[in-house]
There are 2 protein chains.
Amino acid sequence: MSQLETKDRILDAAENLFSDKGFSATSLRSITTLAGANLAAVNYHFGSKDALIQAVFRRILTPLNNDRLQRLDALEARVQEPSVDEVLTAFLTPVATLWSESKRGPVLVRLFAKTFAEPSTNIRDLVFSEFEGIAARYIPALARAVPHLSRREVMTRLHFLIGSMTHTVTNWDMLAGAPGADELIEQMVTYGAAGFRAPAALTTSKGTP
Amino acid sequence: MSQLETKDRILDAAENLFSDKGFSATSLRSITTLAGANLAAVNYHFGSKDALIQAVFRRILTPLNNDRLQRLDALEARVQEPSVDEVLTAFLTPVATLWSESKRGPVLVRLFAKTFAEPSTNIRDLVFSEFEGIAARYIPALARAVPHLSRREVMTRLHFLIGSMTHTVTNWDMLAGAPGADELIEQMVTYGAAGFRAPAALTTSKGTP
DNA sequence: CCAGGATTCAAACGTACGTTTCAATCACTC
DNA sequence: GAGTGATTGAAACGTACGTTTGAATCCTGG
């Protein structure tokens with residue numbers, strides 16, 4: 001049926017199954033069966049189950065984060081001092097786009113969201129190293145947009161935003177009506193930007209011991 | 001060493017290991033070893049691994065949600081029209097209290113947070129059924145505090161808040177400085193309340209087809 | 001067309017898992 | 001203090017897992 005290479009069919013199948021059942025609960029046998037490949041193909045093409053997991057993540061994260069960086073570049077080239085709303089939109093849109101672009105979107109997004117709750121050090125390390133470049137660009141941009149916040153509070157609120165995003169896309173079906181990607185972006189930017197613009201919560205940033 | 005019953009020692013050990021490594025990645029053998037109990041004790045006292053997982057969750061969720069309901073009751077008895085900040089504080093404080101009350105706190109909170117990313121239908125169903133009573137009380141309270149939002153947007157923003165909370169407590173160590181529970185509550189209520197007070201993002205709530 | 005590396009295949013490896021079994025031991029009642 | 005039900009113990013059950021093996025097959029360049 002599919003004309004894809006075995007390697008890609010395995011990645012596709014792994015993506016879907018990992019996204020559904022988690023990593024340790026998904027067997028290589030179920031992956032290769034769904035992919036129409038032999039069990040040994042995983043270890044032949046990737047080396048181990050762990051390496052397969054990392055390959056699955058890399059295939060998702062690299063273009064996603066590139067998209068994020070590109071959008072921030074374009075934004076900063078267009079306007080001199082981007083607003084919080086604009087920065088958050090640049091940050092969130094790639095995920096929402098990924099989500100809505102095809103049948104593969106929801107799978108990817110759920111898988112991506114699952115990472116933060118997974119205990120595996122390998123996966124966490126991979127995602128964090130991939131995210132470092134994003135943080136290095138977005139945190140200064142956010143700090144410029146909300147100059148009343150300390151760098152620490154900017155990071156904390158970015159964590160809040162990421163949490164909202166991952167939880168929402170992971171538990172999409174719980175939301176009544178299951179709105180589309182545009183609607184989600186709109187609501188999350190509205191909510192998150194207002195949160196970022198809220199006054200500093202920490203008085204310690206003014207010099208309390 | 002411990003004078004606790006075997007049943008409780010197993011629950012304690014399971015709590016810690018589930019919180020660290022996830023459910024399917026934690027074996028009954030590692031649980032009973034840590035608990036100083038025999039392997040067969042799990043099936044004797046709980047019936048199966050799945051039933052053990054549910055027992056672990058029930059032991060956490062029941063008092064947590066009772067605390068939430070109690071705080072909302074006390075709040076509504078004290079002031080006639082509670083503000084968003086007050087409702088969110090009532091909602092978030094039990095988790096933060098649980099977090100900071102002892103060494104067990106972080107374990108419980110991480111475990112609780114892990115639920116939303118876990119694929120197991122059993123766990124999700126349990127958590128949702130436990131959460132229904134909370135939603136039935138908190139969503140109307142929130143809707144009264146932010147009357148400019150449709151019921152649907154209130155629910156969406158509550159999802160955002162829950163996401164922020166679960167993500168933050170799950171990835172606590174990623175936050176620079178690792179602030180205490182009081183500080184977390186303060187920041188999250190500031191952020192979330194501003195988000196709730198933000199204008200409605202959906203124009204569809206006014207009657208668009 | 002045929003050599004030779006790349007890929008696929010069926011089968012087996014050893015290990016770890018959840019669960020079951022049943023005898024041994026404990027705790028409590030009469 | 002003997003008897004009885006609750007609990008614990010050591011061991012084994014069957015199954016499923018990730019990985020490895022080595023022969024069979026495919027594909028491509030000369």
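Order of the sequence lines sets the chain letters (A, B, ...), proteins ahead of strands, with each chain counted from 1. Computed from a predicted structure; not experimentally measured.
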Whole-Å gap separating C1' (C:dA23) and CG (B:Asn38): 13 Å

OP1 or OP2 of C:dT7 sitting under 4.0 Å from any side-chain N/O of A:Thr6? no

Is there a donor-acceptor pair closer than 3.5 Å between any side-chain N or O of A:Arg197 and the backbone N or O of A:Val84? no

Regarding B:Glu86 and B:Arg78, does a basic nitrogen lie under 4.0 Å from an acidic carboxylate oxygen? no

Does B:Ser27 place a side-chain N or O at less than 4.0 Å from the phosphate oxygens OP1/OP2 of C:dC17? yes

Validate the cation-pi geometry between B:Arg71 and B:Phe91: distance from NZ or CZ to the six-membered ring centre under 6.0 Å, angle to the ring axis within 45°. no

The residue, A:Ala37 or A:Arg29, whose nearest nucleotide of DNA chain C is more 5′ is A:Ala37

Rounded off to whole Å, could you give me the CG-to-P distance for the B:Asp8 and D:dT8 pair? 11 Å

Examine D:dA6: is either OP1 or OP2 under 4.0 Å from a nitrogen or oxygen in the side chain of B:His45? Give yes or no. no

Considering heavy-atom distances to DNA chain D, does A:Ala40 or A:Thr26 have its closest nucleotide positioned more toward the 5' end? A:Thr26

Using whole Å, what does the distance between atom P of nucleotide C:dG18 and atom CZ of B:Phe23 come to? 14 Å

For atom CG of A:Leu52 and atom P of D:dC17, their distance in whole Å: 15 Å

I want to verify a distance call: between C:dT21, D:dT19, D:dT7, whose nearest atom is closest to the A:Leu28 side chain? D:dT19

Atom CG of A:Asp182 with >12 non-hydrogen neighbours under 6.0 angstrom: no

Find the distance A:Lys21:NZ to D:dA16:P and express it as a whole number of Å. 12 Å

B:Ile31 CD1 to C:dG18 P, straight-line distance once rounded to whole Å: 8 Å

Whether the side chain of B:Glu15 engages the backbone of B:Val107 through a donor-acceptor N/O pair (distance < 3.5 Å, no angle test) should be reported. no

Nearest whole Å is fine: how far is D:dG18 C1' from A:Ile53 CD1? 12 Å

Please state how far atom CD in A:Glu5 lies from atom C1' in C:dT7, giving the value in whole angstrom units. 10 Å

